[in-house]
2 protein chains.
Amino acid sequence: MPSNIPRVKSPVYHVPVSTDLDDPRFTAFGLFAEAFTGLTNRFAAQFEEHRLSAVEFEVLMRLARSPGRRLRMTDLAGQTSLSTSGVTRVVDRMDRDGLVRREACPSDRRSSFAVITEAGVGRLDEVLPGHLELLQQWFIGQLSPAELDGMLGSLRKIRDAVNPCATAGTTEERPAA
Amino acid sequence: MPSNIPRVKSPVYHVPVSTDLDDPRFTAFGLFAEAFTGLTNRFAAQFEEHRLSAVEFEVLMRLARSPGRRLRMTDLAGQTSLSTSGVTRVVDRMDRDGLVRREACPSDRRSSFAVITEAGVGRLDEVLPGHLELLQQWFIGQLSPAELDGMLGSLRKIRDAVNPCATAGTTEERPAA
DNA sequence: GGTGTTTGTGTGACGGAGCAACTATATGCC
DNA sequence: GGCATATAGTTGCTCCGTCACACAAACACC
């Protein structure tokens, strides 16, 4: 309880800040951040029940949706928010745990693929229903169809502005640019 | 196997995944994530120009907006996405850098306050205008007033659902609950 | 075909953050 | 008052991810 802060005794003469600290734009982004981290925390809790971290889940997901259920390391890095060395290490761990294996690229001997294993598919299969439930419960289901629609439109605008290289991002490939 | 009749050209027979991997709800959240991380990356780049990390910026901001420009360590942890030990360490660093100082709590000798210093206020003052520009450029300005309004409404719904303890979150104090 | 450059990946060192354990203080209950 | 319990903060340990660098293979250009 901050009741013990001597409110009156010192009228606290602070050096002023030239920017308005209560500008609604700050709180707007704060809302964005709280909503996002709140969601990811909920999801992380469920991932953990299945012995997965959020990045591991994302890796499994991205691999499972890719043609041949495989992706070159660099491409995987591009699709996740990881550096290439980060991908190296995640794939190391997941390889050790049997969720993923490395496979040489026949056409470019520098490259290697990360391929999701049967065990990886199994694990994903195990997590997905619950994940979808959470997604529905805390995100989709909180909004009316119209609200959801508006939100997705706005998010897409922001995403396209801020992350132009991945215009088609999640599902499709990046444009020729 | 009638090897002379190549049934399909697809050589990869995968164990099926029972959940639809292309459920639009996945991509909806993917959009959310890409927009958010895109924004935070932009911001982080500017913070770095002023020798600040995102969490340090947030700490400065929270302290500057709090009565007496101070916050108990635990409260600071509650307002940020950090654990209490995380806060201890951030405050250590920022104290070392002169942006913040610790001050004993007179009424509870277990507690200590983190107080933003003049240098901290100065640093914040230095970052804020540019930060506000970025906020405007990549977030607020991307949306029409109506879109922004809708988005904030939706975000608030999600935030309130997912993070009920901080109903008034960013600016106000949590409710008595 | 050699040589320089670019690209794909892995590695060592480092820093940040969480958990669990610990200390010190406060509080409740008798 | 005296003890049990709860709370505030710090610290040791560990994991995870990045950066800078190393190395190998592909490519470009002459």
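Letters A, B, ... mirror the listed sequences (proteins, then strands); counts begin at 1.
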Legend entry - Polar side-chain atom of B/D95 near backbone of B/V91 as donor-acceptor pair, under 3.5 Å: no

Return the value, rounded to whole Å, for the distance between atom [atom1] of [X] and atom [atom2] of [N].
| X | N | atom1 | atom2 | answer |
| --- | --- | --- | --- | --- |
| A/R96 | D/dC16 | CZ | C1' | 12 Å |
| A/M94 | D/dC16 | CE | C1' | 14 Å |
| B/F47 | C/dG16 | CZ | P | 17 Å |
| A/E48 | D/dC15 | CD | P | 15 Å |
| A/N41 | C/dG18 | CG | P | 10 Å |
| B/R109 | C/dA24 | CZ | P | 12 Å |
| A/F113 | C/dG10 | CZ | C1' | 18 Å |
| B/L76 | C/dA17 | CG | P | 12 Å |

Inset, instruction - Would you please confirm or rule out a distance under 4.0 Å between OP1 or OP2 of D/dG17 and any side-chain N or O of A/R93? - result: yes

Inset, instruction - Describe the nucleic acid contact of A/S112 in one word from base, sugar-phosphate, nothing, applying a heavy-atom distance below 4.0 Å. - result: sugar-phosphate

Inset, instruction - Can you establish whether the number of heavy atoms outside A/E133 located under 6.0 Å from its atom CD is more than 12? - result: no

Side chain of [X], heavy atoms from C-beta onward: which of [options] has the nearest atom to it?
| X | options | result |
| --- | --- | --- |
| A/D108 | C/dA17, D/dT10, D/dA25 | D/dA25 |
| B/R72 | D/dA26, C/dG10, D/dA8 | D/dA8 |
| B/R110 | D/dC16, C/dG8, C/dA26 | C/dA26 |

Legend entry - Over all atoms of both residues, closest heavy-atom pair of B/G98 and B/A119: O-CB, 3.5 Å

Inset, instruction - For the residue pair A/F47 and A/F57, categorise the inter-ring angle as parallel (less than 30°), tilted (30 to 60°) or perpendicular (more than 60°). - result: parallel

Legend entry - Selection: residues 81-92 of chain A, any non-hydrogen atom under 4.0 Å of DNA chain D: A/S81, A/L82, A/S83, A/S85, A/G86, A/R89, A/V90

Inset, instruction - Considering only NZ, NE, NH1 and NH2 on the basic side and carboxylate oxygens on the acidic side, decide whether A/R123 and A/E56 come within less than 4.0 Å. - result: no

Inset, instruction - Any chance you could lay out the ring-ring contact (aromatic ring centres under 6.0 Å, His included) test for A/F139 and A/F36, step after step, and finish with the verdict? - result: CA-CA 10 Å; A/F139 180 21; A/F36 182 73; 9.8 Å; no

Legend entry - Heavy-atom side-chain proximity of A/Q142 to B/D160 below 4.5 angstrom: no

